[in-house]
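Below is one structure, written out as structure tokens, with a few remarks after it.
When a residue number appears, it is its place in the shown sequence, counting from 1. The figures that follow rest on heavy atoms only: side chains count, while hydrogens, waters and symmetry mates do not.
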Amino acid sequence: MKEINFSITPIGYVESPITKREDAPSQGDEGAPDAWITLDKKVAEGLDGLQVGDKMIVLTWFHQSKRDVLKLHPRWDKNNPLTGVFATRSPDRPNPIGLHPVTILEIKDNKIKVSNLEAIHGTPVIDLKPVI
């Protein structure tokens, strides 16, 4: 396979009460707190059209993930068989992109408060997509 290099620039960062990776639930609907996403003011105009109550997908870069993992025990449970990383939602993967379905709770200037975001404080946000 031909290797292509490219870069992704964060558009913002997560502000969450979760500060340690081991304290984050595996999925947002498993007890994740509400959190703020603070966007770079240069991209804040892109929030136009979003409203409280809208559902969206937050794409993040799991900056603390291991990128050399190809097999693991799902949910870090040794009772589960070793499984290929692409068959799991593990944050440890070659390109550690996170997908987080959330609901917008509040919008204030360049900040969005969302529900059920399991990303830790400081996680880079790489994109926001509406659920259509």
Can [Y] be reached from [X] by stepping across I, L, V, M, F, W or Y side chains whose heavy atoms are under 4.5 Å apart?
{"X": "V43", "Y": "L50", "value": "yes"}
{"X": "V102", "Y": "I132", "value": "no"}
{"X": "L117", "Y": "W36", "value": "no"}
{"X": "V131", "Y": "I126", "value": "yes"}
{"X": "M56", "Y": "L105", "value": "no"}

Next item on the list: Report yes or no: does D92 contribute a side-chain atom to a donor-acceptor pair with the main-chain N or O of S65 at less than 3.5 Å?
Entry: no

Note to self: Tell me if a side-chain donor or acceptor on D54 pairs with a main-chain N or O of Q51 at a distance below 3.5 Å.
What the structure shows: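 Side chain of D54 to backbone of Q51, a donor-acceptor pair under 3.5 Å: yes, one is there.
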
pair [X]-[Y]: side-chain heavy atoms closer than 4.5 Å:
{"X": "W61", "Y": "P10", "answer": "no"}
{"X": "N95", "Y": "R67", "answer": "yes"}
{"X": "I120", "Y": "H63", "answer": "yes"}
{"X": "P33", "Y": "P17", "answer": "yes"}

Note to self: If you apply the rule side-chain contact (heavy atoms from CB on, under 4.5 Å), what do you find for T83 with H73, and how did you get there?
What the structure shows: CA-CA 6 Å; T83 304; H73 297 280; over 6 Å; no

How close do [X] and [Y] get, heavy atom to heavy atom, and via which atoms?
{"X": "V69", "Y": "P94", "result": "O-CD, 3.9 Å"}
{"X": "L72", "Y": "S90", "result": "CD2-OG, 3.2 Å"}
{"X": "P74", "Y": "N80", "result": "O-ND2, 2.8 Å"}
{"X": "R89", "Y": "L99", "result": "NH2-O, 3.0 Å"}
{"X": "P124", "Y": "Y13", "result": "CA-CD2, 3.7 Å"}
{"X": "V14", "Y": "A35", "result": "CG1-CB, 4.4 Å"}

Notebook entry, point to check: Measuring from R93:CZ to T88:OG1, what's the distance to the nearest 0.5 Å?
Noted result: 5.0 Å

Margin query: Rounded at 0.5 Å granularity, tell me how far OG1 in T38 sits from CG in D40.
Written below: 10.5 Å

Next item on the list: Using ring-ring contact (aromatic ring centres under 6.0 Å, His included) as the criterion, list what pairs up with F62, not counting sequence neighbours.
Entry: H100

Margin query: Show me the pairs that pass ring-ring contact (aromatic ring centres under 6.0 Å, His included) and involve residues 110-132, at least two apart or across chains.
Written below: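 As it turns out, there is no ring-ring contact (aromatic ring centres under 6.0 Å, His included) pair with a partner in residues 110-132 once direct neighbours are skipped.
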
Next item on the list: Let me see the working for I57 and D127 under side-chain contact (heavy atoms from CB on, under 4.5 Å), right down to the final yes or no.
Entry: CA-CA 8 Å; I57 304 293; D127 206 353; over 6 Å; no

Using residues 107-114 as the side-chain source, report each donor-acceptor pair under 3.5 Å to any protein atom, sequence neighbours left out, with the distance given to one decimal.
unit_1	atom_1	unit_2	atom_2	d
N110	ND2	L39	O	2.6
K111	NZ	E15	OE1	3.3

Note to self: Quick one, K129 with L59, criterion side-chain contact (heavy atoms from CB on, under 4.5 Å). Give me CA distance, side-chain angles, the key distance, then yes/no.
What the structure shows: CA-CA 8 Å; K129 304 261 185 196; L59 287 89; 3.7 Å; yes

